[in-house]
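Below is one structure; the comments refer to it alone.
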Amino acid sequence: MLTTDVLEEINVKGFADEYVDPTLDLYDEIEKLKKQKNAVILAHYYQEGDIQDIADYIGDSLGLSQQAAKTDADIIVFAGVHFMAETAKILSPTKKVLLPDIKAGCSLADSCPPHLFRKFKEQYPDHLVITYVNCTAELKAMSDIVCTSSNAVQIVESLPPDQRIIFGPDRNLGAYVAKKTGRDLVLWNGACMVHEIFSREKITRLKERYPNAKILAHPECEETILQLADYIGSTTGILNYATKSPSQEFIVATEAGILHQMVKDNPEKTFIAAPPNNTCACNDCPHMKRNTLEKLYLCLKNEMPEITLPANIIARAVKPIERMLEISAQLGL
Ligand code: 13P
Ligand code: SF4
């Protein structure tokens, strides 16, 4: 439930600060600890390559939630950010959920403080609240249905056409869903710091150099970027599109970590990270990249930092997440 601001203010390191012998084979050590403790490592595609390579499951937010809900491991090491680990804890409250660096937050989740969202929601008493999974547990507890980038359109479409809807916290995903479904959504004005930095001019120039390249974009990008895209989807959607496509070149407008898996699955194809504007040097998410292989090893060894949530928040937040999982299962997503 902590926002990045609060996490930053905590005057302690966000991870077990311990010397790690550089001669240790961390892959071996992590494998041993995993077996010994019956732990599973779930990693998002935006994690560094080493972490993706040691993970038991890599996926987008929907896939990771589905895995967290069904795992029989005693410990879930969540290599992702705080809201993702919280979601795993909500779905598996009796399990120990660890996050390699507890300060791995999310600018999008931070853009929607729960006390302000509560006031916003009060202005629309006859609206149903759909929240993108990239938000705090407290926000989920105020929602009717949670969604991810891979099911947001279908979840809105599953509701009666006259149902009024508030969508938050991502205004870009919300605007994309409104356009795809033709529905008039009331949007919260939040955004992701990584997906807002792409330069339309630079992507257009790149396309001149690579005229055959397909442009793949995440729906958290602004409308001006989405207009250029040949395909719009979640990280898993983007990866699957690139793998199935006969095209050989791709310009990828999302966090750069996804390129690791794209190159691994398609070594013969060329993937180019979409260029950011002049205010940024790269497309890395500073929150996702707080996790490292060393921190993952220490977190599994010391079983901390651990995600804990009040029981009343878990009890309320689990309902909209389960509703999302049920709708996704019915739709075969
Ligand atoms: P997906 O992997 O679900 O597309 O989410 C992207 C994201 O921004 C996660 O922080
Ligand atoms: Fe949050 Fe954006 Fe980073 Fe995803 S990429 S964790 S939405 S800041």
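Counting starts at 1 for both ligands and their atoms, in listed order.
Ion pair Glu29/Lys32 flagged as a salt bridge, since at least one NZ, NE, NH1 or NH2 atom sits closer than 4.0 Å to an Asp/Glu carboxylate oxygen. Electrostatic pairing of Glu326 and Arg323 does not count as a salt bridge here, judged by no charged N lying under 4.0 Å from a carboxylate O.
Interface atoms of ligand 1 facing Met288, defined by a heavy-atom separation under 4.0 Å, are 10 (O). The atoms of ligand 1 that sit less than 4.0 Å from any heavy atom of Ser149 are 1 (P), 3 (O), 4 (O). In summary, the atoms of ligand 1 found under 4.0 Å from a heavy atom of His218, numbered by their order in the structure, are 1 (P), 4 (O), 5 (O), 6 (C). Near Glu220, meaning under 4.0 Å from one of its heavy atoms, ligand 1 places the atoms 6 (C), 7 (C), 8 (O). Taking every non-hydrogen atom of Met84 and a distance limit under 4.0 Å, the qualifying atoms of ligand 1 come out as 9 (C), 10 (O). Remark: ligand 1 atoms within the under-4.0 Å shell around heavy atoms of His44 are 1 (P), 2 (O), 5 (O), 6 (C), 9 (C).
Under a 4.5 Å side-chain heavy-atom cut-off, the cluster of Ile, Leu, Val, Met, Phe, Trp and Tyr residues that includes Tyr297 is completed by Val20, Leu24, Leu26, Tyr27, Ile30, Leu33, Ile41, Ile51, Ile54, Ile75, Val77, Leu98, Leu293, Leu296, Leu298, Leu300. Hydrophobic clustering, defined by side-chain heavy atoms of Ile, Leu, Val, Met, Phe, Trp and Tyr closer than 4.5 Å, leaves Met304 isolated from every other such residue.
Polar contact with ligand 1: absent for Asp60 (N/O pair, distance under 3.5 Å). By the 3.5 Å distance cut-off applied to N or O atoms, His195 is not counted among the residues near ligand 1. Residue Ser234 places no N or O, backbone or side chain, under 3.5 Å from any N or O of ligand 1.
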Residues Ser150, Thr148; criterion side chain to side chain donor-acceptor pair (under 3.5 Å); working and verdict: CA-CA 5 Å; Ser150 53; Thr148 75; 3.0 Å; yes
Pair Asn302-Glu18, side chain to side chain donor-acceptor pair (under 3.5 Å): steps then yes or no: CA-CA 10 Å; Asn302 298 311; Glu18 202 179 294; 3.2 Å; yes
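The proximity of Tyr45 to ligand 1, defined as any non-hydrogen pair under 4.0 Å, does not occur for either the backbone or the side chain. Under 4.0 angstrom from ligand 1, there are no non-hydrogen atoms of Thr148. The proximity of Asn134 to ligand 1, defined as any non-hydrogen pair under 4.0 Å, is limited to the side chain.
In this structure, Glu322 has no side chain to side chain donor-acceptor pair (under 3.5 Å) partners at least two apart in sequence or on a different chain.
No option in Glu255, Glu220, Glu222 other than Glu220 meets the side-chain hydrogen bond (donor to acceptor under 3.5 Å, both in side chains) test with His195. Asp101 pairs in a side-chain hydrogen bond (donor to acceptor under 3.5 Å, both in side chains) with only one of the listed residues (Lys289, Lys295, His82), which is Lys295.
Nearest protein heavy-atom neighbour of atom 5 (O) of ligand 1: Ser61 OG, 3.5 Å.
Around atom 2 (Fe) of ligand 2, the protein atoms of type N, O or S found under 2.8 Å away are Cys192 SG, listed by chain and number.
Between the CD1 atom of Ile321 and the SG atom of Cys147 there is a distance of 11.5 Å, given to the nearest 0.5 Å. To the nearest 0.5 angstrom, Phe117 atom CZ is 9.5 Å from Thr136 atom OG1.
Atom CG of Asp184 sits in a sparse spot, with 12 or fewer heavy atoms from other residues, nucleotides or ligands closer than 6.0 Å.
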